[in-house]
A.B. asks: 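Could you have a look at this structure, given as structure tokens, before my questions?
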Amino acid sequence: MNIHLCPHSDMTHFPLEEVSCLLRQKAKELIVPRWQQLRDEDIQLKAPGEWVTAVDREVEEELTFGLCRLVPGSTVIGEEQCATKPQLLDGLGEGIVWLLDPVDGTRNLVDGMGPVSVMVALLKEGETLASWMLNPLTDVMCRAVKGAGAWVDSRRVAIDTHAIPKGQGIVRKRFLPEAVKAALESAAGNFVLQPGSNCAGDDYPGMVLEDHEFALYWRALPWDHAPGALFISEAGGVVARLDGTPYQPGQQMKGLLAARSQAIWNTVRSLLPDVCSPP
């Protein structure tokens, strides 16, 4: 089924349901059969602490072909393509672009522990219009359409604004500057900080569906965050850079804070030093 994506901007239609079907098909064909079955030759270290598998590459290749067929004239910018051609990111703001993370949580895939996610964001002139996050092991699909809402499978979801705050949040410390780490340690009594699942495609939905109320990231690669940022925003949350500007995937800037509400975002941000700077 084709869904009218941007009723106030143009008359373009995009095949959103077909994207969901494509992701599920390729997950069943390429990820599920290899779960906990990877061989040593299937796994490579592409950078210190950064893994890639044959599954990542195969899924990216298949989805690149399939997504471009769904929308002729569109382009795909995938994580593994950018590992060898980082200049591809310069095209994020041009035309219709599929931003693709074939397997988010590759370290989890290597360890055979999960979760993992297949993540796609549809951009037009740099603006995220729709997104998908599929857990291939459970077949649960989280998706969002700009201005139309967020769903988990066929159920529309929204943040419970009446929930009692628990002060729980995710902080990815690996790339954080020392000043930010020190500030978080000083504020430890205010929050229960968790490391997250090592999979943004699991952490972002968790802010809507579970207990954690915010997530702080320093390195914000677009394929990791564009899908979840739209999901959070359409569910009623807030995603912004540390200087308060709204998140845009093409921004070359470090530091990203997502929260269930503006009040939670403001509270967390107030505890952090002013360290927002370009990479």
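Heavy atoms only: backbone and side chains are in, while hydrogens, waters and symmetry mates are out.
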A.B. asks: For Pro249 and Thr128, work out which heavy atoms get closest and say how close.
C.D. replies: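 Minimum heavy-atom separation between Pro249 and Thr128: CG-OG1, 3.3 Å.
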A.B. asks: Are there over 12 heavy-atom neighbours, none belonging to Glu62, within less than 6.0 Å of that residue's CD?
C.D. replies: yes
A.B. asks: Is it possible for you to say whether Val59 and Val32 belong to one hydrophobic cluster, with membership spreading through side-chain heavy-atom contacts below 4.5 Å?
C.D. replies: no
A.B. asks: Would a 4.5 Å heavy-atom cut-off, applied to side chains only, mark Arg24 and Asp139 as touching?
C.D. replies: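 Arg24 vs Asp139: side chains touch.
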A.B. asks: Would you name the heavy atoms of His212 and Asp203 that are closest together and state the gap between them?
C.D. replies: NE2-O, 2.9 Å
A.B. asks: Could you check whether Thr53 and Asp42, counting side-chain N and O atoms only, form a donor-acceptor pair closer than 3.5 Å?
C.D. replies: no
A.B. asks: Please give me the minimum heavy-atom distance between Leu88 and Cys82, naming the atom from each residue.
C.D. replies: CB-SG, 4.0 Å
A.B. asks: With a 4.5 Å cut-off on side-chain heavy atoms, are Leu176 and Leu184 touching?
C.D. replies: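 With C-beta onward as the side chain, the pair touches.
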A.B. asks: Do Met119 and Leu100 sit in the same hydrophobic cluster, where Ile, Leu, Val, Met, Phe, Trp and Tyr count as joined when their side-chain heavy atoms come under 4.5 Å apart?
C.D. replies: no
A.B. asks: Thinking salt bridges, do Lys124 and Glu127 make one under a 4.0 Å N-O criterion?
C.D. replies: no
A.B. asks: Could you give the distance from CG (Asp153) to OG (Ser20), rounded to the nearest 0.5 Å?
C.D. replies: 9.0 Å
A.B. asks: Does Val71 form a side-chain contact (heavy atoms from CB on, under 4.5 Å) with Trp98? I'd like the steps, not just the answer.
C.D. replies: CA-CA 10 Å; Val71 180; Trp98 302 98; 3.4 Å; yes
A.B. asks: Check this for me: Lys46, atom NZ, are more than 12 non-hydrogen atoms of other residues, nucleotides or ligands nearer than 6.0 Å?
C.D. replies: yes
A.B. asks: Drop me the distance from Leu16's CG to Leu122's CG, to the nearest 0.5 angstrom.
C.D. replies: 7.5 Å
A.B. asks: Checking Arg172 side chain against Trp218 main chain: does a donor-acceptor pair fall under 3.5 Å?
C.D. replies: no
A.B. asks: Sort out for me which residue in Leu30, Asp101, Leu63 forms a side-chain contact (heavy atoms from CB on, under 4.5 Å) with Val118.
C.D. replies: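 With Val118 as partner, side-chain contact (heavy atoms from CB on, under 4.5 Å) holds for just one option, Leu63.
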A.B. asks: Taking all heavy atoms of Ser131 and all of Pro227, pick out the closest pair and write down the distance.
C.D. replies: OG-O, 2.9 Å
A.B. asks: Whether the side chain of Glu213 engages the backbone of Gly167 through a donor-acceptor N/O pair (distance < 3.5 Å, no angle test) should be reported.
C.D. replies: yes
A.B. asks: Flag the pair Arg269 and Asp274 as a salt bridge only when some basic side-chain nitrogen lies within less than 4.0 angstrom of an acidic carboxylate oxygen.
C.D. replies: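 Yes, charged N to carboxylate O under 4.0 Å.
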A.B. asks: Looking only at non-hydrogen atoms, find the nearest pair between Trp265 and Leu257 and report the distance.
C.D. replies: NE1-O, 2.9 Å
A.B. asks: Please report the interatomic distance CG(Leu92) to CD(Gln248), rounded to the nearest 0.5 Å.
C.D. replies: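 Leu92 CG to Gln248 CD: 10.5 Å, rounded to 0.5 Å.
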A.B. asks: How many angstroms lie between atom OG1 of Thr267 and atom CZ of Phe214, to the nearest 0.5 angstrom?
C.D. replies: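 Thr267 atom OG1 to Phe214 atom CZ measures 10.0 Å (nearest 0.5 Å).
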A.B. asks: Met133 and Pro205: which non-hydrogen atoms are nearest, and at how many Å?
C.D. replies: CE-CG, 3.9 Å
A.B. asks: Is a side-chain donor or acceptor of Arg107 paired with a backbone partner of Trp51 at a separation under 3.5 angstrom?
C.D. replies: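 No; zero donor-acceptor contacts below 3.5 Å.
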A.B. asks: What I'd like to find out is whether the side chain of Ile232 reaches to under 4.5 Å of the side chain of Val208, using heavy atoms alone.
C.D. replies: yes
A.B. asks: Using modelled atom types and a 3.5 Å cut-off, is there a donor and acceptor pairing between side-chain atoms of Glu60 and backbone atoms of Glu80?
C.D. replies: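 Checked: pair present.
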A.B. asks: Dump the intermediate steps for side-chain contact (heavy atoms from CB on, under 4.5 Å) on Leu109 and Asp56, then the final yes or no.
C.D. replies: CA-CA 10 Å; Leu109 178 67; Asp56 295 78; 4.2 Å; yes
A.B. asks: Quick check: are there more than 12 heavy atoms from other residues, nucleotides or ligands sitting under 6.0 Å from CZ of Phe65?
C.D. replies: no
A.B. asks: Going from CG on Asp202 to CE on Met207, what distance comes out if it is rounded to the nearest 0.5 angstrom?
C.D. replies: 10.5 Å
A.B. asks: Would you mind listing every side chain to side chain donor-acceptor pair (under 3.5 Å) that reaches into residues 219-230, with sequence neighbours excluded?
C.D. replies: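 Those involving residues 219-230 are Glu50-Arg219, Tyr204-His225.
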A.B. asks: As a quick check of understanding, evaluate side-chain contact (heavy atoms from CB on, under 4.5 Å) for Ser74 and Leu67, giving each step before the final call.
C.D. replies: CA-CA 8 Å; Ser74 64; Leu67 291 169; 5.8 Å; no
A.B. asks: Using only atom types and a distance under 3.5 Å, with no angle test, would you say the side chain of Glu125 pairs donor to acceptor with the backbone of Gly95?
C.D. replies: yes
A.B. asks: Do Val171 and Leu271 sit in the same hydrophobic cluster, where Ile, Leu, Val, Met, Phe, Trp and Tyr count as joined when their side-chain heavy atoms come under 4.5 Å apart?
C.D. replies: yes
A.B. asks: Is it true that Lys181 and Glu178 have a side-chain N and a carboxylate O under 4.0 angstrom from each other?
C.D. replies: yes
A.B. asks: With respect to Val116, which candidate in Asn108, Asn198, Leu134 satisfies the side-chain contact (heavy atoms from CB on, under 4.5 Å) definition?
C.D. replies: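 Single side-chain contact (heavy atoms from CB on, under 4.5 Å) partner of Val116 among Asn108, Asn198, Leu134: Asn108.
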A.B. asks: Would you say the side-chain atoms of Asn135 pair up with the backbone N or O of Ser117, donor to acceptor, closer than 3.5 Å?
C.D. replies: no
A.B. asks: As a test of understanding, state which of Ile170, Val180, Leu256 forms a side-chain contact (heavy atoms from CB on, under 4.5 Å) with Leu216.
C.D. replies: Val180
A.B. asks: Once you round to the nearest 0.5 Å, how far does CD of Gln44 lie from OG1 of Thr106?
C.D. replies: 12.0 Å
A.B. asks: Heavy-atom distance under 4.5 Å between the side chains of Pro102 and Glu79, does that happen here?
C.D. replies: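 Counting from C-beta outward, Pro102 and Glu79 do come under 4.5 Å.
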A.B. asks: Begin with the C-alpha distance, continue with both residues' side-chain angles, and end with the deciding distance and a verdict on side-chain contact (heavy atoms from CB on, under 4.5 Å) for Leu38 and Val55.
C.D. replies: CA-CA 9 Å; Leu38 291 177; Val55 176; 3.8 Å; yes
A.B. asks: For Gly201, does its backbone N or O pair with a side-chain atom of Asp104 as donor and acceptor, under 3.5 Å?
C.D. replies: yes
A.B. asks: Measure from the side-chain N and O atoms of Arg143 to the backbone N and O of Ala130, and report whether any donor-acceptor pair falls under 3.5 Å.
C.D. replies: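 Absent.
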A.B. asks: Any chain of hydrophobic side-chain contacts (each under 4.5 Å) joining Val140 to Trp132?
C.D. replies: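 Result: no, two separate clusters.
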A.B. asks: Is it possible for you to say whether Met141 and Leu70 belong to one hydrophobic cluster, with membership spreading through side-chain heavy-atom contacts below 4.5 Å?
C.D. replies: yes
